[in-house]
Engineer: 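Dropping a structure here in structure tokens format, bear with me for questions.
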There are 2 protein chains.
Amino acid sequence: MRYEDLADLPCSITRPLVVLGDRWTLLLLKASFAGVRRFNAFQSALGISRSRLQDRLGRLVEHGILERRTAHDGDHVEYRLTAKGHALYPILMAIRDWGDTYMAPDGPPAHYRHRDCTGEAHVQLTCDACGGTVTARDVAPEPGPGLQAHLGRPETAAEQQRQ
Amino acid sequence: MRYEDLADLPCSITRPLVVLGDRWTLLLLKASFAGVRRFNAFQSALGISRSRLQDRLGRLVEHGILERRTAHDGDHVEYRLTAKGHALYPILMAIRDWGDTYMAPDGPPAHYRHRDCTGEAHVQLTCDACGGTVTARDVAPEPGPGLQAHLGRPETAAEQQRQ
DNA sequence: CGGGCTGGTCTCTTTTTGGAACCGCGGAGT
DNA sequence: ACTCCGCGGTTCCAAAAAGAGACCAGCCCG
């Protein structure tokens with residue numbers, strides 16, 4: 001019950017990581033984006049154990065990232081990405097870009113091509129005002145509204161020194 | 001010894017995840033980008049146990065993501081991001097964008113502002129040919145050179161059915 | 001009726017984590 | 001010289017998480 005408490009910290013990197021940051025969750029989502037929807041398909045695609053898979057799918061459904069439904073045509077179960085889940089795609093693509101650059105000595109195993117176009121999809125960190133490309137050094141974090149709201153709450157005192 | 005084998009698969013999402021996909025690694029990197037460099041500072045910032053921290057820092061150094069060095073001014077040790085480590089920033093920013101949207105009911109805890117500019121940094125998935133913004137539905141994976149190279153190797157046979 | 005498929009559960013073993021004590025080193029104070 | 005402290009680091013043990021595989025009920029098909 002210690003690690004899960006990180007989800008209370010006022011940080012938009014930490015909070016998602018408590019949900020997504022384990023061995024399997026992002027791999028499951030990768031499979032989802034690749035069209036995998038059924039329990040057994042996830043299991044054989046990834047080699048995850050059935051109990052673990054059950055647990056992780058359940059978590060993702062709880063968080064509204066996947067939706068569990070009985071397929072229209074018959075009786076089997078489907079796990080499908082919700083809009084919230086769909087919004088995770090840039091994370092996977094950011095990972096892929098890095099993987100292509102640093103962990104693919106023989107070149108990219110796959111091109112993620114823009115449909116009906118010659119180009120490929122890549123993530124970019126851009127400034128929403130000037131439109132320029134931005135690197136880590138160009139970014140300065142500043143307190144935002146979610147931090148004030150957090151500090152206003154009583155139970156916050158004990159955890160001040162962490163960030 | 002099963003999970004680590006995923007790193008052999010020809011997939012630029014899977015391979016980085018074997019390194020980055022656990023409870024602590026991305027949180028460690030987040031701290032690194034925030035300027036944390038010393039062993040004890042990581043430990044008190046995150047609440048990770050010392051043995052785990054030691055292990056994770058060592059892994060990141062092995063993978064060339066962090067660099068371990070004795071500080072110029074004296075005797076203490078520093079862990080600093082390498083260029084390879086720096087390149088992970090878009091991943092953290094993609095996570096943050098999602099966190100700001102879906103896990104920050106009171107608004108973003110922090111604004112990641114473009115230095116000397118009024119704007120904020122955000123990740124975008126764009127096509128490198130037409131320049132347009134791209135979503136998951138607009139992307140079609142196609143085999144790339146890294147896949148052919150992988151299939152050319154002998155030990156590949158047993159794992160064909162996974163992806 | 002039997003077999004195979006489905007998603008799902010249970011139990012046992014192994015692996016990974018967390019927590020806390022301990023260590024050697026170098027520096028500062030006294 | 002002696003102690004005290006902070007530093008990175010290690011070791012040990014208990015607790016939590018993960019892996020492997022058997023098992024189950026429901027359903028459809030033959």
Side-chain angles (χ1 to χ4, degrees), chain A residues 1-7 9 14 17-28 31-32 36-62 66-80 158-159 161-162, chain B residues 1-9 14 17-28 31-32 35-62 66-80 158-159 161-162:
Chain A
M1 285 291 154
R2 160 97 317 106
Y3 175 77
E4 307 289 333
D5 296 349
L6 289 175
L9 296 182
T14 305
L17 281 176
V18 172
V19 180
L20 307 173
D22 73 278
R23 286 192 157 187
W24 293 112
T25 305
L26 285 170
L27 290 172
L28 241 58
S32 269
V36 175
R37 291 179 185 170
R38 292 169 65 161
F39 188 91
N40 286 347
F42 281 107
Q43 211 235 324
S44 58
L46 297 172
I48 184 176
S49 71
R50 302 177 68 77
S51 40
R52 218 47 32 215
L53 177 57
Q54 184 65 14
D55 180 80
R56 289 299 179 273
L57 289 173
R59 258 176 144 79
L60 289 171
V61 169
E62 268 177 40
L66 294 181
E67 180 190 15
R68 182 190 189 280
R69 41 191 275 188
T70 316
H72 55 287
D73 67 305
D75 51 343
H76 74 262
V77 174
E78 282 187 349
Y79 292 92
R80 316 188 55 150
E159 62 187 49
Q161 68 277 35
R162 322 222 137 126
Chain B
M1 283 293 154
R2 162 97 315 108
Y3 175 77
E4 307 290 333
D5 297 348
L6 290 174
D8 300 331
L9 296 181
T14 305
L17 280 177
V18 172
V19 180
L20 308 172
D22 72 276
R23 287 191 156 187
W24 294 112
T25 304
L26 285 170
L27 290 173
L28 241 58
S32 268
V36 175
R37 291 180 185 169
R38 293 168 65 161
F39 189 92
N40 286 346
F42 281 108
Q43 209 234 325
S44 58
L46 297 172
I48 184 177
S49 72
R50 301 178 68 75
S51 41
R52 220 43 36 211
L53 176 58
Q54 185 65 15
D55 180 80
R56 289 299 179 270
L57 289 173
R59 259 177 144 77
L60 289 171
V61 169
E62 268 177 40
L66 294 181
E67 181 190 13
R68 182 192 188 278
R69 43 193 273 191
T70 316
H72 55 286
D73 66 306
D75 51 343
H76 74 262
V77 175
E78 282 188 350
Y79 292 92
R80 316 188 56 152
E159 62 188 50
Q161 70 276 34
R162 324 222 135 128

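Chain letters run A, B, ... following the sequence lines, proteins first and then strands; every chain starts at 1. Computed from a prediction, not measured in an experiment: that's the story for all the values here. Values below: every heavy atom of this structure, side chains too, minus hydrogens, waters and symmetry copies.
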Engineer: Could you tell me whether the side chain of B/H76 reaches within less than 4.5 Å of the side chain of B/F39, counting heavy atoms only?
Structural biologist: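 No. Closest side-chain heavy atoms not under 4.5 Å.
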
Engineer: Using 0.5 Å steps for rounding, measure from the CD atom of A/E78 to the CZ atom of A/R68.
Structural biologist: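 Answer for the CD-CZ pair, A/E78 versus A/R68, is 11.0 Å.
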
Engineer: Output the residues of residues 19-27 of chain B in contact with DNA chain D, where contact means a heavy atom of the residue under 4.0 Å from an atom of the strand; sort by number or write none.
Structural biologist: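 Those residues whose heavy atoms fall under 4.0 Å from DNA chain D, taken from residues 19-27 of chain B in numerical order, are B/R23.
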
Engineer: Distance check needed: D/dC12 P versus B/D55 CG, whole Å only.
Structural biologist: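 The distance from CG of B/D55 to P of D/dC12 comes to 17 Å, rounded to the nearest Å.
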
Engineer: Just the rounded figure in Å: distance from C1' of C/dG18 to CG of A/D5.
Structural biologist: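 Interatomic distance, CG of A/D5 to C1' of C/dG18: 14 Å.
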
Engineer: Using side-chain heavy atoms (C-beta onward) and a distance below 4.5 Å, is B/R59 in contact with B/L66?
Structural biologist: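 Counting from C-beta outward, B/R59 and B/L66 never come under 4.5 Å.
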
Engineer: If I take atom CG from residue A/L17 and atom CG from residue A/L9, how far apart are they, to the nearest 0.5 angstrom?
Structural biologist: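 So the CG of A/L17 and the CG of A/L9 are separated by 11.5 Å.
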
Engineer: Starting from P on D/dT11, measure out to CZ on B/R52 and report it in whole angstrom.
Structural biologist: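 The answer, rounded to whole Å, is 13 Å.
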
Engineer: Can you measure A/I48 atom CD1 to D/dA17 atom P for me and round it to whole angstrom units?
Structural biologist: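 Going from A/I48 (CD1) to D/dA17 (P), I get 15 Å.
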
Engineer: Can you give one letter per nucleotide of nucleotides 3-13 of chain C, 5' to 3': B if a protein heavy atom sits under 4.0 Å from the base, S if only from the sugar-phosphate, - if neither?
Structural biologist: ---SBBBB---

Engineer: Can you check the B/F42 CZ to D/dG8 P distance for me, whole Å?
Structural biologist: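 Result: 10 Å.
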
Engineer: Between P on D/dG8 and CG on B/L66, what's the gap in Å once rounded to a whole number?
Structural biologist: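 To the nearest whole Å, that distance equals 14 Å.
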
Engineer: CG of B/L53 versus C1' of D/dT11: gap in Å, rounded?
Structural biologist: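 That distance rounds to 16 Å.
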
Engineer: CD of B/E4 versus P of C/dT15: gap in Å, rounded?
Structural biologist: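 These atoms are roughly 12 Å apart.
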
Engineer: CG/A/L20 to CG/A/L60 distance, rounded to the nearest 0.5 angstrom?
Structural biologist: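 So the CG of A/L20 and the CG of A/L60 are separated by 7.5 Å.
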
Engineer: Can you tell me how far apart CZ (A/R52) and CG (A/L46) are? Round to the nearest 0.5 Å.
Structural biologist: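 One finds 14.0 Å between CZ of A/R52 and CG of A/L46.
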
Engineer: Can you measure from CZ (B/R37) to CZ (B/R80) and round to the nearest 0.5 angstrom?
Structural biologist: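 Nearest 0.5 Å value for the CZ-CZ distance: 3.5 Å.
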
Engineer: When you compare the side chain of A/L53 with that of A/L28, does any pair of heavy atoms fall below 4.5 Å?
Structural biologist: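 In short, these two side chains touch, coming nearer than 4.5 Å.
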
Engineer: Has A/Q43 got a side-chain atom pairing as donor or acceptor with A/I48's backbone, closer than 3.5 angstrom?
Structural biologist: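 At least one qualifying donor-acceptor pair exists.
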
